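What you see is a predicted model, and the numbers here were worked out from it, not measured in a lab. Because only heavy atoms are used, hydrogens play no part in the values below, and waters and symmetry mates are left out as well, while side chains stay in.
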Amino acid sequence: MQASFYTSSCGRGKASMAASAEALLSCSCVVVYLLFLGINVFASHSIIKNLPGFPGDLPFKLETGYIGVGELDEVQLFYYFIESERSPEDDPLVLWLTGGPGFSAFSGLVYEIGPLTFDYENFKGNIPTFLLNPYSWTKVANIIFLDQPVGTGFSYATTWQAYNMKDTLSAKQTYTFLIKWLIAHPRFLSNELYVAGDSYSGKIVPMVVQEISDGN
């Protein structure tokens, strides 16, 4: 198993580095340790079967939800998760962080690498409609689109103080999110893990990978 990171600038430039095998192994060990201690890993989620603007049921599995991070789970991070359309058990797990900072992960889902795109050609000023993206990364990967840092998209905090954010803290909270998400979704613990993003996330992604490698 190996954890890697990938970043792009506006979807063009690329840089990649493979972390050591211990990175994902340490992540798995922390999950087991947290379970042993009985750490609160409460997560709420829903399975979305249809969306306004898309005819019929979605031809892929879409899950949305919240996972709390921070000492008292005062930060609630929102995510979209789409299972691989090929083989969820065998395909990699990708954590996608949109840049900004503060740009919603929804943009990554509908403008960049997700399975949906807007039907611009037939837009007449009414409710936007969706088309399937034939080049979606979800054809070959399970992808978590995360609204981070807190205050981005649907992610929120229960205290004003929790909105005080810096890059290093955001990376630590993203790592905690990943640990708790894997506890709630143990079937993906053995999948290859990649952390990816665009634009400003070129700063955040390597920090998250370092957190995974350090096992903090």
Side-chain angles (χ1 to χ4, degrees), residues 6-12 14 42-68 76-156 174 177-178 180-182 184-188 191-201 204-205:
Y6 165 90
T7 63
S8 68
S9 176
C10 300
R12 296 186 182 89
K14 297 180 179 179
F42 175 78
S44 61
H45 67 268
S46 301
I47 303 300
I48 310 301
K49 295 186 177 180
N50 49 69
L51 290 172
F54 188 85
D57 290 343
L58 296 173
F60 50 83
K61 184 176 180 180
L62 169 62
E63 173 186 307
T64 64
Y66 282 96
I67 288 182
Q76 294 289 316
L77 294 180
F78 181 82
Y79 68 91
Y80 309 83
F81 172 61
I82 301 176
E83 284 192 1
S84 171
E85 300 172 54
R86 184 176 62 176
S87 177
E89 294 77 16
D90 303 318
D91 289 339
L93 175 65
V94 176
L95 175 62
W96 178 266
L97 309 178
T98 303
F103 218 65
S104 173
F106 184 72
S107 65
L109 198 157
V110 297
Y111 291 117
E112 298 178 285
I113 65 170
L116 296 175
T117 185
F118 287 111
D119 185 0
Y120 299 102
E121 184 176 347
N122 295 311
F123 179 65
K124 306 298 182 182
N126 51 356
I127 296 177
T129 57
F130 290 110
L131 297 173
L132 292 175
N133 175 15
Y135 309 107
S136 173
W137 287 16
T138 58
K139 298 289 185 184
V140 294
N142 306 283
I143 304 182
I144 307 168
F145 297 88
L146 179 63
D147 276 346
Q148 57 76 44
V150 62
T152 299
F154 292 113
S155 293
Y156 69 95
T174 299
F177 165 88
L178 179 60
K180 290 188 173 184
W181 190 93
L182 285 170
H185 302 78
R187 60 182 289 221
F188 294 102
N191 295 55
E192 284 189 324
L193 172 65
Y194 293 86
V195 182
D198 65 352
S199 187
Y200 192 85
S201 287
I204 308 301
V205 168

Self-check item: Heavy-atom closest pair, residues Thr64 and Tyr80
Solution: CG2-CD2, 3.8 Å
Quiz prompt | Least distance between heavy atoms, Gly68 atom then Lys180 atom | solution = O-NZ, 2.8 Å
Practice problem: Please examine the side chains of Phe103 and Tyr200, heavy atoms only from C-beta on, and report whether any two atoms are closer than 4.5 Å. | Solution: no
Self-check item: Test item: side-chain donor near acceptor, Tyr79 and Gln148, under 3.5 Å
Solution: no
Self-check item: Set of residues satisfying salt bridge (charged side-chain N to carboxylate O under 4.0 Å, His left out) with respect to Glu89, sequence neighbours excluded
Solution: Arg187
Quiz item: With a 4.5 Å heavy-atom cut-off, do Thr98 and Phe145 have their side chains touching?
Solution: no
Quiz item: What heavy-atom pair brings Ser87 and Asp90 nearest, and what distance separates the two atoms?
Solution: OG-OD2, 2.8 Å
Quiz item: Taking atom OH of Tyr120 as the centre, does the number of heavy atoms from other residues, nucleotides or ligands within less than 6.0 Å exceed 12?
Solution: yes
Quiz prompt | Whether over 12 other heavy atoms sit under 6.0 Å from Phe60 CZ | solution = yes
Exercise. With the side chain counted from C-beta on, respond yes when Val195 and Thr174 share a heavy-atom pair under 4.5 Å apart, and no when they do not.
Key: no
Quiz item: side-chain contact (heavy atoms from CB on, under 4.5 Å) between Thr117 and Val110: does it pass, once the steps are laid out?
Solution: CA-CA 5 Å; Thr117 185; Val110 297; 5.9 Å; no
Exercise. Ignoring hydrogens and angles, tell me if any N or O in the side chain of Thr138 forms a donor-acceptor pair with the backbone of Ser84 under 3.5 Å.
Key: no
Quiz item: Between Leu58 and Asn50, which heavy-atom pair has the shortest distance, and what is it?
Solution: CG-CA, 4.1 Å
Quiz item: Is any side-chain heavy atom of Phe188 closer than 4.5 Å to a side-chain heavy atom of Glu83?
Solution: yes
Quiz item: Are Tyr156 and Tyr66 an aromatic pair by the rule of ring centers under 6.0 Å?
Solution: yes
Self-check item: Spacing of Leu51 atom CG and Phe130 atom CZ [to the nearest 0.5 Å]
Solution: 6.0 Å
Quiz prompt | Nearest-0.5 Å distance, CD of residue Glu112 to CG of residue Asn133 | solution = 11.0 Å
Quiz item: Are the side chains of Trp96 and Leu109 in touch, meaning some heavy atoms are under 4.5 Å apart?
Solution: no
Quiz item: Heavy-atom distance under 4.5 Å between the side chains of Phe118 and Tyr111, does that happen here?
Solution: yes
Quiz item: At what distance, to the nearest 0.5 angstrom, does NZ of Lys61 lie from NZ of Lys49?
Solution: 10.0 Å
Exercise. Side-chain contact test, heavy atoms from C-beta onward, threshold under 4.5 Å: evaluate it for Leu132 versus Leu116 and give yes or no.
Key: yes
Quiz item: Between Leu178 and Leu193, is any pair of side-chain heavy atoms under 4.5 Å apart?
Solution: yes
Quiz prompt | Backbone of Leu131 reached by a side-chain donor or acceptor of Asp119 within 3.5 Å | solution = no
Quiz prompt | For Asn142, the option from Leu95, Asn191, Ile82 that meets side chain to side chain contact (heavy atoms under 4.5 Å, CB included) | solution = Asn191
Self-check item: side-chain contact (heavy atoms from CB on, under 4.5 Å) between Leu93 and Phe81, worked out
Solution: CA-CA 10 Å; Leu93 175 65; Phe81 172 61; 4.0 Å; yes
Self-check item: Distance-only donor-acceptor check, side chains Asp147 and Ser104, under 3.5 Å
Solution: yes
Quiz prompt | Least distance between heavy atoms, Val94 atom then Ala196 atom | solution = CG1-CB, 4.1 Å
Quiz item: Which pair of heavy atoms, one from Ser136 and one from Gly114, lies closest together, and at what distance?
Solution: OG-C, 3.2 Å
